[in-house]
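Counting begins at 1 with the first residue of the sequence. Both ligands and their constituent atoms are indexed starting at 1 by order of listing.
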Amino acid sequence: MSFHINTLCVQAGYDPKNGESRVLPIAQSTTFKYDSAATLGKLFDLEEDGFFYTRLANPTLGAVAAKIAALEGGVGAMLTASGQAASMLSITNICHSGDHVVCASAIYGGTFNLFNKSLRELGIEFTFVKPDASEEEITAAFRDNTKAVFVESVSNPSLDVADVELYARLAHAHDVPLIVDNTFPTPVNFRPFEWGADIVVHSTSKYMDGHAVALGGVIVDSGNFNWNNGKYPAFTEPDESYHGVIYTEKFGKAAYITKAVTHLMRDYGPQQSPQNAFLLNLGLETLFLRMERHCSNALQVAKFLEANDKIEWVNYPGLESNKYYERCQKYMPNGSCGVISFGVKGGREKAMQFMDSLKLIKLVIHVADARTCALHPASTTHRQLNDQQLEDCGVKPNLIRMSVGIEFVDDIIADIKQALDQI
Ligand SMILES: *Cc1c(COP(=O)(O)O)cnc(C)c1O
């Protein structure tokens with residue numbers, strides 16, 4: 001039987017047997033017990049499936065990973081301690097010192113630092129292309145040593161909508177996989193594999209958890225990329241650190257995700273905690289309900305702001321005035337996410353006044369949970385920059401980022417209205 005994604009959110013990944021716990025249990029144990037040394041030996045040799053140490057596998061983590069793989073339509077998934085860890089391992093599973101990645105420049109700031117500083121220090125090179133780069137410009141960024149392409153489906157915080165079909169086509173023309181960070185739309189609104197992407201990563205700390213309680217990340221493998229094209233010897237030649245296993249031969253379509261677990265999680269170890277996976281699973285059960293409300297609330301708030309004369313500009317891909325409106329309709333007709341940004345007339349000072357006047361909407365450095373929150377980068381995350389420096393990095397001094405929650409929308413709008421009335 002195949003099920004709608006809403007049903008998968010509620011039930012996929014865990015199917016209790018007779019008399020077992022109805023709710024996914026938390027296997028809060030680092031280790032697992034066996035009766036014979038021979039069985040344990042087979043686990044080590046990857047001859048049998050089973051659990052022996054939570055850094056490599058755990059029943060709670062496995063169930064939640066299987067649910068997310070089902071939501072994205074992939075062959076397998078691996079949970080990680082954070083979104084950062086997922087992005088890092090998604091690249092280092094295929095790129096080594098001397099390799100190169102083509103990356104859209106409209107990405108989360110943490111991902112940019114990870115790539116441009118930490119992975120560069122490990123010898124992996126990145127070329128960043130503008131969010132709206134043409135086919136020619138993207139093609140020109142490829143080199144002989146390019147091993148992957150990385151984009152965000154809807155970028156945080158700039159809300160650029162990537163042309164995933166185009167990026168997939170160009171990546172495949174160069175025999176490399178496309179990795180998509182799908183954190184903002186979630187698989188409820190957009191499934192990158194249906195448009196040719198090969199690997200998906202998420203910060204599950206955002207909408208998937210949805211309640212701002214559990215940091216986490218995930219990597220999902222579509223199983224569609226052919227690693228046997230001469231560019232990826234780590235997949236096609238024996239891994240001496242794992243009994244000479246050849247990933248493509250032994251694991252077929254699941255070669256990428258199996259290597260991520262048995263090689264990278266084994267060696268680097270940024271595993272998610274079973275407790276966090278349990279909380280993540282609770283979030284996933286209502287993901288489809290929450291995304292619908294986040295999107296409809298955000299669209300109403302965006303329309304309210306657009307019609308208000310104290311507002312200079314509004315950026316939300318669901319607005320017809322937005323430059324990504326058509327692309328957003330094509331890829332995510334049910335909506336993108338609940339995050340919007342806008343500029344208050346009067347610059348940095350008026351924006352700060354507006355922020356201080358909010359009551360229901362709280363000031364926090366987070367996005368994508370059930371509670372509406374707002375951030376004024378110029379007075380917080382980017383406060384060391386002057387107006388010119390802010391403009392240079394694409395953050396206007398009057399920019400306010402608002403993550404619209406799932407409260408009753410009239411209350412959200414009323415709070416914004418009373419705060420605007422005070423400036
Ligand atoms: C937050 C975020 C990350 C990083 O995730 P953490 O869970 O905070 O490590 C990566 N990508 C996007 C798009 C994000 O919004």
Side-chain angles (χ1 to χ4, degrees), residues 61 64-65 68 72 77-92 101 103-119 126 128 131 148 150-162 164 167 178-190 192 197 199-220 268-273 275-277 279-280 283-284 287 291 294 298 317 331-332 336-341 364-369 373-375 377 380-381 394-395 401-405:
L61 300 178
V64 181
I68 297 173
E72 287 287 7
M78 177 178 86
L79 298 184
T80 57
S82 66
Q84 287 297 101
S87 301
M88 194 262 286
L89 299 186
S90 76
I91 297 288
T92 52
V101 178
C103 184
S105 63
I107 51 171
Y108 175 64
T111 311
F112 182 77
N113 287 336
L114 166 68
F115 291 177
N116 201 45
K117 175 153 175 66
S118 296
L119 292 189
F126 289 81
F128 294 96
F150 188 102
V151 303
E152 278 180 19
S153 49
V154 177
S155 64
N156 177 10
S158 56
L159 303 173
D160 293 277
V161 179
V164 170
Y167 277 102
L178 173 63
I179 306 171
V180 175
D181 181 335
N182 198 33
T183 298
F184 266 22
T186 84
V188 168
N189 282 338
F190 179 56
I199 309 295
V200 159
V201 297
H202 286 274
S203 165
T204 62
S205 324
K206 311 293 165 56
Y207 289 113
M208 283 191 168
D209 159 22
H211 301 79
V213 291
L215 202 70
V218 68
I219 304 177
V220 193
Y268 294 139
Q271 184 64 295
Q272 192 168 113
S273 81
Q275 175 76 40
N276 276 11
L279 293 168
L280 169 58
L284 290 169
L287 181 65
M291 288 314 290
H294 278 295
Y331 286 117
M332 30 199 107
S336 51
C337 63
V339 180
I340 61 181
S341 60
V364 301
I365 313 254
H366 192 250
V367 289
D369 71 77
C373 62
L375 178 73
T380 54
T381 50
V395 178
R401 184 184 71 184
M402 187 171 284
S403 173
V404 180

Chemist: For a distance cut-off of 3.5 Å, show me each N or O of ligand 1 paired with any protein N or O, plus the separation.
Modeler:
{"residue": "ligand 1", "atom": "5 (O)", "partner": "Ser203", "partner atom": "OG", "Å": "3.0"}
{"residue": "ligand 1", "atom": "7 (O)", "partner": "Gly83", "partner atom": "N", "Å": "2.9"}
{"residue": "ligand 1", "atom": "7 (O)", "partner": "Ser203", "partner atom": "OG", "Å": "2.8"}
{"residue": "ligand 1", "atom": "7 (O)", "partner": "Ser205", "partner atom": "OG", "Å": "2.6"}
{"residue": "ligand 1", "atom": "9 (O)", "partner": "Gly83", "partner atom": "N", "Å": "3.1"}
{"residue": "ligand 1", "atom": "9 (O)", "partner": "Gln84", "partner atom": "N", "Å": "2.9"}
{"residue": "ligand 1", "atom": "11 (N)", "partner": "Asp181", "partner atom": "OD2", "Å": "2.7"}
{"residue": "ligand 1", "atom": "15 (O)", "partner": "Asn156", "partner atom": "ND2", "Å": "2.9"}
{"residue": "ligand 1", "atom": "15 (O)", "partner": "Lys206", "partner atom": "NZ", "Å": "2.6"}

Chemist: Going by heavy atoms in the side chains, are Pro187 and Met291 under 4.5 Å from each other?
Modeler: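 Not touching, per the 4.5 Å side-chain cut-off.
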Chemist: Measuring only between side-chain heavy atoms, which start at C-beta, is Met208 closer than 4.5 Å to Val64?
Modeler: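 They are not in side-chain contact.
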Chemist: Grab the two heavy atoms, one from Met78 and one from Leu89, that are nearest each other, plus how far apart they are.
Modeler: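 Scanning both residues completely, I find the closest heavy atoms to be CE-CD1, 3.6 Å.
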Chemist: So, do Phe150 and Phe115 have ring centers that fall under 6.0 Å from each other?
Modeler: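 For Phe150 and Phe115, the ring centres are under 6.0 Å apart.
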Chemist: Taking side chain to side chain donor-acceptor pair (under 3.5 Å) as the criterion, tell me which of Asp181, Asn182, Asp160 meets it with Ser153.
Modeler: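 The option that passes is Asn182.
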Chemist: Any side-chain heavy atom of Ser105 sitting closer than 4.5 Å to one from Pro131?
Modeler: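 Touching, per the 4.5 Å side-chain cut-off.
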